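Down below is the structure, laid out as structure tokens.
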There are 2 protein chains.
Amino acid sequence: MAERKRRKPGETRDKLMEAALTLVGKGRHFASLGIREVTRQAGVVPTAFYRHFRNMDDLGLQLVDELGLVLRRMMREARQNVLQADKLMEESVAIFISHVQQNRNFFIFMAQGLAGESRAVQEGIRSELRFFSSELSNDLRRLRLAEHLGDADLELTCDLVVRTVAFSLTDLIGVEPDDDYQIEQIKKRTTRCLQLIFVGAANWQTGNRPE
Amino acid sequence: MAERKRRKPGETRDKLMEAALTLVGKGRHFASLGIREVTRQAGVVPTAFYRHFRNMDDLGLQLVDELGLVLRRMMREARQNVLQADKLMEESVAIFISHVQQNRNFFIFMAQGLAGESRAVQEGIRSELRFFSSELSNDLRRLRLAEHLGDADLELTCDLVVRTVAFSLTDLIGVEPDDDYQIEQIKKRTTRCLQLIFVGAANWQTGNRPE
DNA sequence: TCCACTTGTGTACATTTGTTCACAACTCGT
DNA sequence: ACGAGTTGTGAACAAATGTACACAAGTGGA
């Protein structure tokens, strides 16, 4: 066709990644997406795919990289906005939920990828979660909020926090994005879970550890 | 072909479900399986599929039903074997891990389905988890292990326990089934998480609840 | 300006897929 | 033992898929 080309290089790459996310957001599972389907959604000819990705797994890996950026932006915002310790958890959860709504497809992709088909994507997402958990450890140390906990116990606590929040994703993707009531319920429930965990951490004695 | 037929009726149905699980166990994602692929793995002609299932979603739903049986067997064993309260969590986790290893493909399917493609399967699995959580509540009440907790708080605690255990599935499917060292690590870590949660529950005051 | 390079297009093709249909074999109640 | 219903088979086909190849359109450095 005599259609005008876009100027920016790499535009198609972004269109393809976004197309995949869009399909995921429409209820499809990433593992079931095909090259033709993605290019169709992106409004691009099938062969264009190979200019940017080797296969769908490759696209998945690059999505994980971008997911990393999304998570880092979220952490930054959390660090800036959570100043008083007493509302730490409500606010953190609120920021999390808000980012999930803002980047819904990315987080659905993340929830799918944890038990997805590509081992590499699986490991990539797990690695992001580990990083998130370790950053959380650092922050709690820095804020002097976990002074009675040993390193291993603090790490365990943060890990549990991250898992709990991550699992709430499977709740979030089960409700419509505009069902404010349900989302509010999930927010409250997750917050209470975190509070329960921190009460546990506060009363944890290192001697509890086996071995 | 002049091959001999099996006598039992419904044999093919089981073969198909098992074939799907086998493929899942081999690293495939359920959402990416096709009818032909499953029938091929089952050693059956493609059209035989339609004798038992409307489509792949239907097969998924019937797998969820069977998964329910597996979970119930696990609960029964846990109730029989966990007698002394002090080792409650170690033993429960051990039974869980053992069942996961014994029915590995079922549990992988479960982990996949939580963020899977079929909304119905998703809801089915979530419903199984809710049931599991409520049974756990009953057991704790019966064993007089949570007498200071209100119903809502006990429910929250059990929910968190179930989520934590369920999330550990994503760890378990990431390691080889015979990597005993890694599995032992996951077992220990999960146990400690549960202990942390119960320390939290033990020191939880109902007043913590917002609203 | 020209030339190498990258990015996108269109055509092509062998495979694979879901599904239909007519037929064979087995099961069971009478 | 026979006829109805169920379960499995094989051939068939339109549609979709992954991938290869040759070519057009843009880009940037000399």
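These numbers come from a predicted model, not from an experiment. Protein chains get the first letters and strands the later ones, always in sequence-line order, with residue 1 at the start of each. Quick note: numbers below take in every heavy atom, side chains included, and nothing from hydrogens, waters or symmetry partners.
For the pair Arg13(B) CZ and dT6(D) C1', the interatomic distance rounds to 15 Å; values are reported in whole Å. The CD atom of Glu11(B) sits 14 Å away from the C1' atom of dC26(C) (whole-angstrom rounding). One can place CZ of Arg51(A) at 16 Å from P of dT27(D), the figure rounded to the nearest angstrom. For the pair Gln41(B) CD and dT17(C) P, the computed distance is 13 Å after rounding to whole Å. One interatomic measurement links the two molecules: CZ of Phe53(A) to P of dG8(C), which rounds to 10 Å at whole-angstrom precision. One atom, OH of Tyr50(B), and another, P of dA12(D), lie 19 Å apart when rounded to the nearest Å. Rounded to whole Å, atom C1' of dT9(D) lies 14 Å from atom CG of Leu16(B).
Each salt bridge (Lys or Arg N to Asp or Glu O under 4.0 Å) pair with one or both residues in residues 117-133 of chain B, not counting sequence neighbours, appears once here: Arg28(A)-Glu117(B), Arg72(B)-Glu128(B), Glu123(B)-Arg126(B), Glu123(B)-Arg130(B). Screening residues 27-46 of chain A for ring-ring contact (aromatic ring centres under 6.0 Å, His included) gives His29(A)-His29(B), Phe30(A)-Phe109(A) as the qualifying pairs, with residues at least two apart or on separate chains. Evaluation of the salt bridge (Lys or Arg N to Asp or Glu O under 4.0 Å) test over residues 98-116 of chain B, restricted to residues two or more places apart or in two chains, returns none. Within the structure, every pair that satisfies the side chain to side chain donor-acceptor pair (under 3.5 Å) test and touches residues 61-70 of chain A, not counting sequence neighbours, is listed here: Arg13(A)-Gln62(A).
OP1 and OP2 of dT6(C) both lie 4.0 Å or more from every side-chain N or O belonging to His52(A).
Within 4.0 Å (heavy atoms only), Phe49(A) reaches no atom of the nucleic acid at all. The residue Arg54(A) sits apart from the nucleic acid: no heavy atom pair falls under 4.0 Å.
Across residues 18-37 of chain A, Gly34(A), Ile35(A), Arg36(A) each have a non-hydrogen atom less than 4.0 Å from an atom of DNA chain D (numbered order). Residues from residues 56-66 of chain B lying near DNA chain C, meaning a heavy-atom separation below 4.0 Å, are absent.
Axis angle across the helix from dC2(C)-dG29(D) to dT30(C)-dA1(D), with five pairs used at each end and values rounded to 10°: 20°.
With hydrogens and angles left out, the side chain of Thr47(A) and the base of dG8(C) share no donor-acceptor pair within 3.5 Å.
Looking at residues two or more places apart in sequence or on another chain, you find no salt bridge (Lys or Arg N to Asp or Glu O under 4.0 Å) involving Asp57(B). Phe53(B) pairs by the ring-ring contact (aromatic ring centres under 6.0 Å, His included) definition with Phe49(B), not counting sequence neighbours. The side-chain contact (heavy atoms from CB on, under 4.5 Å) search around Ser137(B) returns Leu154(B), Cys158(B), not counting sequence neighbours. In this structure, the side chain to side chain donor-acceptor pair (under 3.5 Å) partners of Arg79(A), at least two apart in sequence or on a different chain, are Glu135(A), Asp139(A).
With Asn55(A) contributing its side chain and Asp58(A) its backbone, the two residues share a donor-acceptor pair below 3.5 Å. A donor-acceptor pair under 3.5 Å is formed between the side chain of Thr190(A) and the backbone N or O of Ile186(A). Without hydrogens or angle criteria, Asp153(A) side chain to Leu149(A) main chain gives no donor-acceptor distance under 3.5 Å.
Distance from the side chain of Arg40(A) is smallest to dT17(D) among dT17(D), dC23(D), dT9(D).
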Would you be so kind as to tabulate the donor-acceptor pairs closer than 3.5 Å made by side chains of residues 171-185 of chain B, with sequence neighbours excluded?
{"residue": "Asp171(B)", "atom": "OD2", "partner": "Arg163(A)", "partner atom": "NH1", "Å": "3.0"}
{"residue": "Asp171(B)", "atom": "OD2", "partner": "Arg163(A)", "partner atom": "NH2", "Å": "2.6"}
{"residue": "Asp179(B)", "atom": "OD1", "partner": "Gln182(B)", "partner atom": "N", "Å": "3.4"}

